[in-house]
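Letters A, B, ... are given to chains in the order of the sequence lines, protein chains preceding strands, and every chain is numbered from 1.
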Amino acid sequence: MRLSQYFLPVLRDVPKEAEIVSHRLMLRAGMVRQQASGLYSWLPLGYKVLMKVQKIIEEEQNRSGAIQLLMPTIQSADLWRESGRYDAYGKEMLRIEDRHERDFLYGPTNEEMITDIFRTYVKSYKDLPLNLYHIQWKFRDEIRPRFGTMRSREFLMKDAYSFDLDKDSAVKAYQRMFVAYLRTYARMGLTAIPMRADTGPIGGDLSHEFIVLADTGESEVFCHKDLLEKPIPAPGTDFRGDLSPIIDDWTSLYAATEEMVNTAEFEAEVPAEKRVSARGIEVGHIFYFGTKYSEPMKATVTGPDGKEITVHMGSYGIGPTRLVPAIIEAFHDDDGIIWPVSVAPFEAVLINLKAGDADCTAACDALYGELNAAGIDMLYDDRDQGAGGKFATADLIGIPYQLILGPRGIKSGEVEIKHRQSGERETLPIGDAVARITGLIEPQRRTDI
RNA sequence: CGGAGUGUAGCUCAGCCUGGUAGAGCACUGGUUUUGGGAACCAGGGGUCCAAAGUUCGAAUCUUUGUACUCCGACCA
């Protein structure tokens with residue numbers, strides 16, 4: 001993408017409404033624009049990151065055996081009356097009336113609707129287990145939206161729903177999501193720790209929150225230090241096999257949020273030097289809730305003995321529009337964002353230092369073409385501007401690698417590569433640049449970790 | 001929903017106390033010189049001063065009522 005033809009409204013000043021670093025950087029880097037309290041437009045750069053995050057989520061959900069579909073944002077109140085949540089959910093649910101004065105709502109979650117779909121089509125135990133998910137906008141009328149897209153009212157959520165014959169197999173479904181989540185965060189470069197969690201209004205008796213440690217996080221968390229270093233389940237993990245050893249390994253060490261923490265237990269189970277007490281961002285939440293919805297909504301299948309069985313369910317949420325700021329909270333410095341390659345809006349940026357110079361521009365154009373052809377997701381700063389501004393923009397928007405080429409380099413036949421994360425610079429023959437960049441980026445795409 | 005604060009150019013803000021007809025920096029447009037870490041100069045465009053009502057000869061400025069947004073607390077992917 002040529003920057004001269006892109007839409008990248010970067011800001012030099014910090015908009016005053018932004019309090020935390022990720023929000024500031026998302027506004028400055030031209031990723032989002034606030035349209036009203038808790039409502040955001042995703043501008044091209046931000047949207048590109050959001051789509052990369054979404055794609056990773058989809059790949060890992062699919063790998064685990066979940067199946068994608070898409071449900072509407074607007075739901076009929078009838079389903080919610082059936083589950084009993086129409087009244088229970090309270091003011092956080094945005095209620096809408098259509099022209100015929102029928103009650104609708106903008107979905108804050110989809111347990112009711114997916115249960116309705118399930119009960120309509122699935123009749124036999126032979127069709128289980130089943131895990132259906134979608135990635136769709138949700139609306140929760142938060143009392144106080146804040147921190148940009150970290151806590152917005154409209155937000156994107158991947159929500160998966162599992163259906164099983166009994167608790168044992170439902171727990172296996174839960175375990176599959178547990179592993180899929182670990183892998184999802186790892187592919188984005190994040191260390192997310194599963195913690196015992198409160199189940200809230202969704203209900204149920206088995207639940208984990210996945211927490212990324214960050215000073216700006218909204219919850220206080222307590223865990224064993226070794227969890228930060230634990231290896232992630234491999235891509236070849238057999239999701240149809242027994243995942244218990246992995247889950248046991250992860251859950252054997254103490255980890256709990258402030259709602260669930262028991263200080264005496266924490267201190268008894270974790271030696272003082274291994275205690276981590278910190279703030280964290282909740283980037284995912286998984287629940288097993290048994291027949292809480294299947295029972296009132298009559299989601300049943302016929303068992304092998306001809307008897308009706310009420311299915312056991314779980315639900316599993318990840319918010320891509322929260323993950324983006326969470327990643328920024330984890331990866332930034334004073335100059336801007338430092339994207340991990342796997343979610344970077346562009347993998348590398350080529351900076352033409354003297355766009356007014358014909359020779360320099362010809363050399364940059366040629367190199368840009370080669371990098372594109374090599375499959376690198378490239379941004380090309382071909383604007384006719386001072387070098388300082390270009391460096392500042394490249395640093396701000398956090399592209400992992402900067403290829404810097406100007407008249408000086410043309411003369412010596414060399415290009416400079418700056419690593420955004422380490423600040424390290426290397427100079428190499430222009431002809432070697434494509435191979436070098438490919439070699440740097442390829443392993444960091446994390447498609448197979 | 002309680003408490004606090006802010007709405008003036010695309011962005012950051014000054015002007016308000018003490019009423020007299022709209023400002024700065026950055027950004028933007030044209031031009032000249034520039035070009036290895038946010039360049040310089042010249043010329044220019046851009047504002048229902050959040051809204052309504054009131055006070056006044058006169059309101060960005062004073063009063064009232066709305067409204068939007070932000071921050072602090074209790075709820076949440």
Inter-nucleotide C1' distance (B:rG3, B:rA77), Å rounded: 28 Å
Distance-only side-chain donor-acceptor flag, A:Ser22 / A:Glu329, under 3.5 Å: yes
Within the structure provided, determine whether A:Leu428 and A:Val415 are in side-chain contact (heavy-atom separation under 4.5 Å). yes
Closest approach of A:Glu60 and A:Ala180, non-hydrogen atoms and distance? O-CB, 3.9 Å
Mind calculating the distance between OH (A:Tyr40) and P (B:rC69) to the nearest angstrom? 10 Å
Rounded off to whole Å, could you give me the CD-to-C1' distance for the A:Glu259 and B:rA74 pair? 13 Å
Can you tell me, in whole Å, how much space there is between the P of B:rU70 and that of B:rU8? 14 Å
P spacing across the pair B:rA22 / B:rU18, given as an integer number of angstrom: 22 Å
Check this one for me: any side-chain N or O of A:Arg146 less than 4.0 Å away from OP1 or OP2 of B:rU70? no
Residue pair A:Thr109 / A:Met93, side-chain heavy-atom distance below 4.5 Å: no
Using atom C1' of each nucleotide, how far apart are B:rC62 and B:rG15 to the nearest Å? 16 Å
Can you tell me the distance, in whole Å, between the CD atom of A:Gln34 and the C1' atom of B:rA68? 11 Å
Of A:Gly284 and A:Arg144, whose nearest nucleotide on RNA chain B comes first from the 5' end? A:Arg144
Nearest-nucleotide comparison on RNA chain B, the residue closer to the 5′ end among A:Thr321 and A:Gln35: A:Gln35
Side-chain donor-acceptor contact under 3.5 Å, A:Ser315 with A:Asp159: no
P spacing across the pair B:rA9 / B:rA24, given as an integer number of angstrom: 14 Å
Could you go step by step and tell me if A:Lys418 and A:Asp395 meet the salt bridge (Lys or Arg N to Asp or Glu O under 4.0 Å) rule? CA-CA 10 Å; A:Lys418 176 181 167 185; A:Asp395 287 344; 3.1 Å; yes
For A:Tyr161 and B:rA77, give me the distance from atom OH to atom C1', rounded to whole Å. 11 Å
Looking only at atom C1', what distance separates B:rC28 and B:rU21, rounded to whole Å? 27 Å
Pick the C1' atom in B:rC26 and in B:rU61, then give their distance to the nearest Å. 26 Å
Starting from the C-alpha separation in whole Å, work towards a yes-or-no answer on salt bridge (Lys or Arg N to Asp or Glu O under 4.0 Å) for A:Lys55 and A:Glu59. CA-CA 6 Å; A:Lys55 183 156 180 276; A:Glu59 286 172 1; 3.0 Å; yes
Counting only Watson-Crick or G-U wobble pairs whose two distances fall under 3.5 Å, which nucleotide matches B:rG47? none
Checking N1-N3 plus N6-O4 or O6-N4 for Watson-Crick, or N1-O2 and O6-N3 for wobble, each under 3.5 Å, the partner of B:rG54 is B:rC62
Name the pairing partner of B:rA68, where a pair is Watson-Crick or G-U wobble with both distances under 3.5 Å, or state none. B:rU6
Whole-Å distance, A:Leu156 CG to B:rA77 C1', equals 11 Å
Would you indicate, yes or no, if B:rA68 has its OP1 or OP2 atom less than 4.0 angstrom from a side-chain nitrogen or oxygen of A:Ser37? no
Could you tell me whether A:Ser219 contacts a base, only the sugar-phosphate backbone, or nothing, with contacts defined as non-hydrogen atoms closer than 4.0 Å? nothing
Looking only at heavy atoms, which two atoms of A:Glu209 and A:Thr257 are closest? And how far apart? OE1-CG2, 3.2 Å
How many Å lie between CG on A:Leu27 and C1' on B:rU70, as a whole number? 13 Å
If you only use heavy atoms from C-beta on, which nucleotide in B:rA77, B:rC1, B:rC69 is closest to the side chain of A:Ala36? B:rC69
Provide the Watson-Crick or G-U wobble partner of B:rC1, both distances under 3.5 Å; none if there is no partner. B:rG73
The contact string for nucleotides 25-43 of chain B, one letter per nucleotide 5' to 3', using protein heavy atoms under 4.0 Å with B, S and - for base, sugar-phosphate only and none, comes out as BSS-------BBBB-----
Whole angstrom is fine here: how far is it from CZ in A:Phe7 over to C1' in B:rG10? 11 Å
Spacing of the C1' atoms in B:rG38 and B:rG45 (rounded, Å): 24 Å
Backbone of A:Tyr293 reached by a side-chain donor or acceptor of A:Ser83 within 3.5 Å: no
Taken to the nearest whole Å, NE2/A:His23 to P/B:rU70 is 8 Å
Using purine N1 to pyrimidine N3 plus N6-O4 or O6-N4 for Watson-Crick, or N1-O2 and O6-N3 for G-U wobble, each under 3.5 Å, what pairs with B:rA14? none
